[in-house]
Asker: 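Sharing a structure, written as structure tokens. Questions coming.
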Amino acid sequence: QFHPEVAHTPRGALILRNFTHRIAGLSGDWTMASFRQEAVARIREQVGEGRVICGLSGGVDSSVAAVLIHEAIGDQLTCVFVDTGLLRLNEAEQVVTMFRDHYNIPLVHVDAGELFLGELKGVTDPETKRKTIGRLFVDVFDREAAKIEGAAFLAQGTLYPDVIESVSARGGPSAVIKSHHNVGGLPDYMKLKLVEPLRELFKDEVRALGVELGLPPQFVGRHPFPGPGLAIRIPGEITPEKVSVLQRADAIYLEEIRKAGLYDSIWQAFAVLLPVKTVGVMGDARTYEDVLALRAVTSTDGMTADFFEFPWEVLGRCATRIINEVRGVNRVVYDVTSKPPGTIEWE
């Protein structure tokens, strides 16, 4: 296999540039500003007078998609934020405040945590988790769509790497690495058509588009967060207690990274709560509690990634705070696997 498009291939970009510029005669004058104009025109043409529901997760991808679509069709857009109960600490409140108060985009907030956690009870297989979350996500949207008069389209922040990893994008021979809950179309019973304005963009391009659209740099620069949320950062069965532990540990980890001034040097950083218990000592007592893995990688497009080389004192502070402040964790480890052979997420 030969992949000149990934960052790790020596002179891969030059090979592609020689083909596009010298052989095919392209000028290379494409800009994000021109993409924005073309995307707005495409959205208007596709949607017409119809109403669009945008699946808003609060992450960069769906937020950029929402702002782009709002620019194209204004109040024909309604954002639906499904709180799965699997988001980061306090994230639901932040999303609602930002979109309702700052962007003034119509927003429906659906608190579906009990539904998602209930359906995931006893589920341990990663693909089953993803597909369960995807099914419930669509079900919730179907119910919300029925309440919005004239809703004919569902907008999603699907990116090109999602498409590549889930399905063969153009019918070619690429393998399915893992399914993404927002890729692969909608079930036959759902009457909404898909609007996916970011489907052919990579993450760095989405960030550039966000800046072009006027989104705050600190928001556009946020680390990626997977659609299935913390469900794929808890290998094994998911319980509300495990979600709570992971939310608090992850928040401490990201806080320490920001304090150290390293956040913008990292593509993605997060914690994983492992289905492994180890013996520890807290005070004079023996403990038998969970192991937490920390993950941080550098990347340009998410297709390949290297583990981030932390200063040891930063990792030490993270581990000490997590063990002292999060009840249920007594050991912290750091993941030094690159992609390939590993994926960025654990599931």
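Quick note: residue numbers are just sequence positions, from 1. Below, all heavy atoms of this structure are taken into account, side chains as well, without hydrogens, waters or symmetry copies. Keep in mind that this is a model prediction, so the values were computed, not measured.
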Asker: Looking at Asn330 and Val281, would you say the former's side chain and the latter's main chain have a donor-acceptor pair under 3.5 Å?
Answerer: no
Asker: Checking Arg44 against Phe153: charged group under 6.0 Å from the ring centre and within 45 degrees of the axis?
Answerer: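 Not satisfied by the 6.0 Å and 45° rule.
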Asker: Regarding Arg199 and Thr158, is there a side-chain donor-to-acceptor distance under 3.5 Å anywhere?
Answerer: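 There is no such pair (donor and acceptor under 3.5 Å, judged by atom type) between the side chains of Arg199 and Thr158.
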Asker: I'd like to know if Asp61 and Lys203 make a salt bridge, using a cut-off of under 4.0 Å between side-chain N and carboxylate O.
Answerer: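 Result for this pair is yes, salt bridge flagged.
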Asker: Could you measure the distance from the CD1 atom of Ile232 to the CG atom of Leu86? Nearest 0.5 Å is fine.
Answerer: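 Ile232 CD1 to Leu86 CG: 10.0 Å, rounded to 0.5 Å.
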Asker: Does this structure show an ion pair linking Arg295 with Glu345, if we count only N-O contacts that are shorter than 4.0 Å?
Answerer: no
Asker: Quick check on the 6.0 Å ring-centre criterion: do Tyr334 and Phe310 meet it?
Answerer: yes
Asker: Might you work through the side-chain contact (heavy atoms from CB on, under 4.5 Å) test for Phe2 and Thr9, ending with a clear yes or no?
Answerer: CA-CA 9 Å; Phe2 180 56; Thr9 300; 3.8 Å; yes
Asker: Hydrogens and angles aside, do Asp306 and Thr298 bring a side-chain donor and acceptor to less than 3.5 Å of each other?
Answerer: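 On atom types as modelled, these side chains do not qualify, holding no pair under 3.5 Å.
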Asker: Quick check: are there more than 12 heavy atoms from other residues, nucleotides or ligands sitting under 6.0 Å from CH2 of Trp30?
Answerer: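 Yes, CH2 of Trp30 has more than 12 neighbouring heavy atoms, counting only those of other groups under 6.0 Å.
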Asker: Looking at Glu347 and Arg130, is any side-chain nitrogen of the basic one under 4.0 Å from a carboxylate oxygen of the acidic one?
Answerer: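 A salt bridge is absent here (no side-chain N lies under 4.0 Å from a carboxylate O).
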Asker: Under 4.0 Å between a side-chain nitrogen and a carboxylate oxygen: does that hold for Glu5 and Arg17?
Answerer: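 Here Glu5 does not pair with Arg17 in a salt bridge, since their nearest N and O are not under 4.0 Å apart.
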Asker: Are Arg248 and Glu241 close enough, and set up right, to give a salt bridge (charged side-chain N to carboxylate O under 4.0 Å, His left out), and what steps lead you there?
Answerer: CA-CA 11 Å; Arg248 287 179 286 135; Glu241 295 75 24; over 6 Å; no
Asker: Near Arg42 CZ, under 6.0 Å, is it more than 12 heavy atoms from other residues, nucleotides or ligands?
Answerer: yes
Asker: If the test is side chain to side chain contact (heavy atoms under 4.5 Å, CB included), which one of Leu273, Thr278, Val272 qualifies with Val291?
Answerer: Thr278
Asker: Between Glu256 and Arg321, is a salt bridge (charged side-chain N to carboxylate O under 4.0 Å, His left out) present by the stated rule, with each step listed?
Answerer: CA-CA 9 Å; Glu256 286 298 327; Arg321 280 196 61 195; 2.9 Å; yes
Asker: Would Lys259 and Glu255 count as a salt bridge (charged side-chain N to carboxylate O under 4.0 Å, His left out) if you check the C-alpha gap in whole Å, the side-chain angles of each, and the deciding distance to 0.1 Å?
Answerer: CA-CA 6 Å; Lys259 278 186 187 175; Glu255 182 183 322; 3.4 Å; yes
